[in-house]
There are 2 protein chains.
Amino acid sequence: MIELTQRDQIVLEAIITDYIETGEPVGSRTISKRSVMNVSPATIRNVMADLEEMGLLHQPHTSAGRIPTVKGLRLYLDSIMRSRQLGGTEKERIRGALQNRPQDIAELLRGTSLLLSQFCRQAGVVLWPRQSIASFKHIEFLRLGPNDIMVILISKAGLVHQTHIESKEEIVQAELDKYSLYINELLRNVPFSRVKQRIREEMEGEKALFDRLFSRALQLANRAIQYAIEDSSIYIEGKTNLLDNPEFAHVEQMRRILQAFEDKSKMIRLLDEALKASTGIQIVLGTEGELLREWQEMSLVSAPFRRGDTPLGVLGVIGPLRMDYSRIIPIVEFTAQFLSQMLEIADEA
Amino acid sequence: MIELTQRDQIVLEAIITDYIETGEPVGSRTISKRSVMNVSPATIRNVMADLEEMGLLHQPHTSAGRIPTVKGLRLYLDSIMRSRQLGGTEKERIRGALQNRPQDIAELLRGTSLLLSQFCRQAGVVLWPRQSIASFKHIEFLRLGPNDIMVILISKAGLVHQTHIESKEEIVQAELDKYSLYINELLRNVPFSRVKQRIREEMEGEKALFDRLFSRALQLANRAIQYAIEDSSIYIEGKTNLLDNPEFAHVEQMRRILQAFEDKSKMIRLLDEALKASTGIQIVLGTEGELLREWQEMSLVSAPFRRGDTPLGVLGVIGPLRMDYSRIIPIVEFTAQFLSQMLEIADEA
DNA sequence: TTTAGCACTCTTTTGGGATGAGTGCTACCA
DNA sequence: TGGTAGCACTCATCCCAAAAGAGTGCTAAA
């Protein structure tokens, strides 16, 4: 849709690179000196004027340099994403950091989030929608009160989920124990994606139709698993890194941004979109809509991690629009790949 | 140790009240107008000079008003703590907010922390050292890998704790099931404070001496419970409220403070001190030592919640030295009392 | 002992001038 | 015709000095 000559592209890229580095508006002199092609500032100025007309650059005031607009950034990112590469040493560091993590999946995910935040010096996020708990391992019903049942659900990968369920009728622990036995037998190793179907089948089977006990057990299990599926967990680490970005020097902005983090459900929705939308790396820039209103000046780089072809969750980095994408994109991408591997191993065992 | 005339006291209190409200140094004119006793600014100035000499007030620069020192604040707090009272409506609001919380203890504690932060417009904290999980309810051993066992431990109050344990020898699930049965029978309803002793006794009993299975089970349970006891959980909510305080307008300070929150273990130690030290409400002011170095300008108001006479945990509010103590102290105190009641009920059932 | 008065101190605010970065435009060159 | 040098012009920012304002300490008087 937008026609750029090669020179336009070079200038745009030079401006963005410089802007990302310094955070200041970039002037024509700077580009002229720095760029490979030897042209005078005046020439650059002409190009800049063109780019501004196309809506790719913006001038804060008459006598300032240019900064890229979101549209300009987007164009740049589309081109950078082709040539992403991560150095071997950096790959090693990521591998090392993740491999020594404990077996506990929750810890692994939190660790990944922390890792991203430290490597990118921004906030790291990992979303794990529970639908993806892979395979069923164990369920346990415990009586807390006359009508109050606690259900503990554990996936093969070792992720624990707990729910409370209110029961209309009073119930004794002995009966709950029978439920546990029955359901554990029924669902052993069934992938979570097929659990609900399996329960439905069983409910229509003979046992459940004629035996009240089985039918109750199935109902309870169904409810508990429903809760577990709906519940996602999200790990956000390194928020304080954001304070280092000079663009958030004002306490006002800072508060707005940090507050947005506190609303977990919003964050989950946000990342869930990213998960659904993408098969590979994805970047959402502030004003491009999907993000919250409080985040106009923020940006999210995300990538799904998966098992085979089914996505399990999504991880990424949140920071200001002005981030070092050329570094962050490959980091996010590699981390997603590597985490996928780790999870595969954990679930195999 | 410090001799204050009644007038000294009134002036000190007036200055502190005003300072807490405005955050600005307070001048003699302001006090003269505001205070009950009718004296001229000049008189006040004399008193102020005295108070300053005693180290209770401080003058940022020659031509500024006075602000209280930590020492002055402390004196004021000691006197205010006697006359704390909370309005009936406020009590009702706290009751209402907590009573509708879900049965889930973890949620209850997080909710309490949130409540404190919202009511006081500062950060709220709740520390729950696991030693206090009250009574044993259920344990479950699950085989994740050949040498990898997951242990789920549940208290009567419904708090779930999970640990991974590595086993030297390979183990099968069937054996673990036997362990679960045995330990559950053994420890049913035993208060956590006595669990370790109970295990020790059993270890020396006949069963364990002659049967390898029992002895293994006891060992594993012992380790798992050890982990559970050492692990404490802490809930910190409403950190962004701190951003509203004008004293933290500078990003530098803000980062320092928010970063201190990220180190959970430090926070746990801090609150643990508060738990051990006190039987009632307790206030730690920045420079008084216990607090972290990063927190010189902060203050913690805390109170333990308990069951009968044994303290279960501690809750409180963290904010700047300049807080509305006259409101926060009774809130913290009442919340602690009320939470104690709630927990008693939860553990009874 | 209290108070009124006053000189004094120090911070904060205000405004104008200098500075400098960067632009747009025009005229000129290859 | 595309590129370049030159130049006038525009703003934000820095700096400094003057003014304003808040509050004190001290002295002398009631």
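Naming: A, B, ... by sequence-line order, numbering from 1 per chain. Quick caveat, the model's predicted, so the values are computed rather than measured.
At distances below 3.5 Å, at least one donor-acceptor pair connects side-chain atoms of A/Arg327 with backbone N or O atoms of A/Phe119. Judged by distance alone, the side chain of B/Gln59 and the main-chain N or O of B/Ala64 form a donor-acceptor pair under 3.5 Å. Formation of a donor-acceptor pair under 3.5 Å by the A/Ser32 side chain with backbone atoms of A/Ser40 is not found in this model. Counting only distance, with no hydrogens or angles, the side chain of A/Lys71 and the backbone of A/Met54 share a donor-acceptor pair below 3.5 Å. With hydrogens and angles disregarded, no donor-acceptor distance shorter than 3.5 Å links the side chain of B/Asn245 to the backbone of B/Pro320.
A salt bridge links B/Glu297 with B/Arg256: the distance from a Lys NZ or Arg NE/NH1/NH2 to an Asp or Glu carboxylate oxygen falls below 4.0 Å.
Atom P of nucleotide C/dG22 and atom CD1 of A/Ile67 are separated by 14 Å, given to the nearest angstrom. Between the CG atom of B/Asp50 and the C1' atom of D/dT24 there is a distance of 15 Å, given to the nearest Å. The distance between atom CG of B/Leu51 and atom C1' of D/dG25, rounded to the nearest whole Å, is 16 Å. Taking atom CZ on A/Arg66 and atom P on C/dG24, their separation rounds to 5 Å, with Å as the unit. With rounding to whole Å, B/Glu53 atom CD is found 16 Å from D/dT24 atom C1'. We find that CG of B/Asn46 is positioned 14 Å from C1' of D/dA28, with the value rounded to whole Å. In this structure, B/His58 atom NE2 and D/dT24 atom C1' are separated by 15 Å, rounded to whole Å. Separating the CD1 atom of B/Ile44 from the P atom of C/dA4 is a distance of 13 Å, rounded to the nearest angstrom.
Comparing D/dG3, C/dG24, C/dA4 by their closest approach to the side chain of B/Ser40 singles out C/dA4.
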Can you name the atoms? Protein N/O to nucleotides 10-12 of chain D N/O, anything below 3.5 Å, with the distance.
| from | atom 1 | to | atom 2 | distance (Å) |
| --- | --- | --- | --- | --- |
| D/dT10 | O2 | A/Ser63 | OG | 3.2 |
| D/dC11 | OP1 | A/Thr62 | OG1 | 3.0 |
| D/dC11 | O4' | A/Ser63 | OG | 3.4 |
| D/dC11 | O2 | A/Ser63 | OG | 3.0 |

**Fill in**
Intra- and inter-strand pairing of DNA chain C, written as dot-bracket with Watson-Crick and G-U pairs under 3.5 Å and | for the latter, reads ||||||||||||||||||||||||||||||
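From A/Ile281, atom CD1 reaches atom CD of A/Glu333 across 5.0 Å, with rounding to the nearest 0.5 Å.
Taking only side-chain nitrogens and oxygens, B/Ser28 comes nearer than 4.0 Å to OP1 or OP2 of D/dT24. Here B/Arg45 does not reach the OP1 or OP2 of C/dG5: none of its side-chain N or O atoms lies under 4.0 Å away.
With contacts defined as side-chain heavy-atom distances shorter than 4.5 Å, the pair B/Ile331/B/Val317 does not qualify.
The neighbour count for B/Arg121 CZ, taken as heavy atoms of other residues, nucleotides or ligands under 6.0 Å away, does not exceed 12.
Side-chain atoms of A/Arg29 stay outside donor-acceptor range of the base of C/dG22, with no qualifying N/O pair under 3.5 Å.
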